[in-house]
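Quick notes on the structure that follows.
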Number of protein chains: 2
Amino acid sequence: MFEKFQTMFSDSEENYLKTIFHLERSLKDGVSTNAIADQMQTKASSVTDMLKKLSEKQLVNYIKYQGVTLTEKGKKTAAAIIRKHRIWEVFLVEKLDFNWDEVHDVAEQLEHIDSEKLIDQLDKLLNYPKFDPHGDPIPNKDGNFPLRDKQLLSNLKVGDIGVCVGVKDTSSDFLKYLDKHGIALGKQIEILEKEEFDKSQKIKIDNQILHVSQQIASNLFLKTKH
Amino acid sequence: MFEKFQTMFSDSEENYLKTIFHLERSLKDGVSTNAIADQMQTKASSVTDMLKKLSEKQLVNYIKYQGVTLTEKGKKTAAAIIRKHRIWEVFLVEKLDFNWDEVHDVAEQLEHIDSEKLIDQLDKLLNYPKFDPHGDPIPNKDGNFPLRDKQLLSNLKVGDIGVCVGVKDTSSDFLKYLDKHGIALGKQIEILEKEEFDKSQKIKIDNQILHVSQQIASNLFLKTKH
DNA sequence: AAATAAATTTAGATAAGTCTAAAAATAAGA
DNA sequence: TCTTATTTTTAGACTTATCTAAATTTATTT
Ligand SMILES: [Mn+2]
Ligand SMILES: [Mn+2]
Ligand SMILES: [Mn+2]
Ligand SMILES: [Mn+2]
C-alpha cells in the first residue's frame, strides 16, 4: 500500500546499481563481477562484497560465480538515480551556464541528494526535459525511458541528412572537439562523401564543409529525416 | 601562492567544523566536547576522536580537557560550508518554491557538494544574496559575514516600529506559526502594547492587531527605523 | 580428460566514523 | 582541602567500504 521507496541506500550502493544498470543494457546478458570492477575502477573482491549486500536487499539477482542482474526494485532504484543525474545535468547547462563537458562530475555528486521535492521542482523549472545535455534519455518517475530513434553518423550513407541528437562518448575531450568544430545538439548535418578506406566522412554543417574521422562519426548520434 | 584550499574534507569533518563555528559565536569562550556532542546528537567520545583529527589537520586548536577553538583555516572552511548552505536555501525558496520551513534538511545535504563553479553560478543566478530565507547572513567568498543591526521583538518598546529581518528559532513549527499569522520577512511591525506580567505583546502587522507571546517575541528579529 | 588459464570468491587487513564502558582529569560542594 | 560529581578521554568493539593475497570455481586448451 504505502510504498516508501526511497528507503535510502548509501552512495556506494547507488553507484553500483547505476553501473550494473548501464552494463546490463550494453552487455545484454548477465553482468560479470569483473565488468563491474573495471567500470568502477575498483577490485573484483570489493564487487563481490557489494553484490552480496545488494542481493540481501533484493536489489539484484546474484548467483555465485554467475554474475548479476537487477531485480525490478533494483531497476527502479537505478533509474531514479539516473533520472536525478540527468536532470541535474540539464539544470547545470540550462540555468548555471555550465558547458556540456563539465557537468558530469558535479552531477555524480548531486545524484545522491535525497529529496523528492527537490527533483520534482527542478524537473518543473526545466520544463520536464526528456533528454540530458548529451542527448541521453531522462527516465520518468516510473523509471521508463523516452525512446528516440537515432543512428550513429558512421552508419549513415552519402546523401543522408540528420540532426545531432546525442553523443556516445561523453568525454570532455570529445565534447570540446565538437564545440571547436561547431557541432552541437540540434544542428543539421548532411553526409557528402564517405571514404571507404579509413571510414572518414565529408559532411556539411552550417553550410560549412567538415572532414570527420571514423572515431568522430562513430560517437555522434543523428536523427535522420523521414 | 597557489592556495588550493578545497582540499576536500569529509562530510563528517565539515559538519563538526560548522557546529564548532556556530557554538563559538554563541558560547563566546572555547567550545566544550559535550557542547558539540549535544548539538550534533552524538557521543562525547566520538567528538574527542574527531577533535584529534581536526587538530592534526590544523583546523582547530585543541588542548585536552580544555575544549577547542577554530583556527583561521578552520574558520574559513566553516564559513565556506555555511555560505553554501545558505545560498542553497535561497535557491530552494526563490527558484524551486520551497517554503522557508522545508529547506534546511535539503541544504544540509547540498552544502557538502564540492564545486566552486556551482556555488559561484548559483550565487550569480540568485543575484548575490546577502541573507538567507531565515534572515541569516551569507558570508562572502573570503568568509566575511555581512552585518545588519537587528533586535529581538522582545527587546523593543511600545511605539517602536520595525521590519522583520530574521528568525532566531528556525524550527518548522515556529516558521509555520509565523506563516499562519502572516508574519514574514520584510513585513512591518509596530509594538502597540506590552504586558509586563507574561511579556506578551500586542502588535500591528498589515493593519491587523496580533497578540504574540514572549516565546514568539524572543525569536523574531526586527530592524528598527532610525 | 587433464592441464592450464582466467574469473570469482574468501580470508584477513585497514581506515573512517561511531558506540559503550571504564579510567582519568577537572570542577563543585561540604 | 577532601570528597563527590561532572566532564573528558581512552580502550576496545562494531559497521561500511575498501584492499591484497590466497583459495576456489569455471572456462579454455592442448
Ligand atoms: Mn553524466
Ligand atoms: Mn549525460
Ligand atoms: Mn539551514
Ligand atoms: Mn537558514
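Just so we're on the same page: letters track the sequence lines, and every chain starts at 1.
The closest side-chain heavy-atom distance from A:I20 to A:L59 is not below 4.5 Å. Looking at heavy atoms from C-beta onward, B:V212 lies out of side-chain contact with B:S200 at the 4.5 angstrom threshold.
B:M8 has its CE atom 15 Å from the C1' atom of C:dA16, to the nearest Å. Atom pair B:Q41:CD and C:dT18:C1' shows a separation of 15 Å (rounding to whole Å applied). Note: CG (B:L54) to C1' (C:dA16) measures 13 Å, nearest angstrom. Per the geometry, CE belonging to A:M50 stands 16 Å off P belonging to C:dT10, to the nearest Å. Summarising the geometry, the separation between NE2 on B:H112 and C1' on C:dA16 is reported as 16 Å, rounded to the nearest angstrom. The distance between atom CG of A:D38 and atom C1' of C:dA7, rounded to the nearest whole Å, is 11 Å. Between the P atom of C:dG12 and the CG atom of A:D49 lies a distance of 14 Å, rounded to the nearest Å.
Looking only at atom types and distance, the side chain of B:D169 has a donor-acceptor partner in the side chain of B:S171 under 3.5 Å away.
Taking 4.0 Å as the cut-off between side-chain N and carboxylate O, B:K141 and B:D120 count as a salt-bridged pair.
Residues B:Y62 and B:Y16 keep their aromatic ring centres 6.0 Å or farther apart. In summary, the aromatic rings of B:H85 and B:H104 are positioned with their centroids under 6.0 Å apart.
Put simply, A:S46 has a side-chain N or O that comes within less than 4.0 Å of OP1 or OP2 on D:dC19. Applying the 4.0 Å criterion to OP1 and OP2 of D:dC19, one finds that A:T42 has a side-chain N or O inside that range.
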Worksheet item: How does protein contact run along nucleotides 1-9 of chain D, one letter per nucleotide 5' to 3', with B for base contact, S for sugar-phosphate only, - for none, heavy atoms under 4.0 Å?
Response: ------SBB

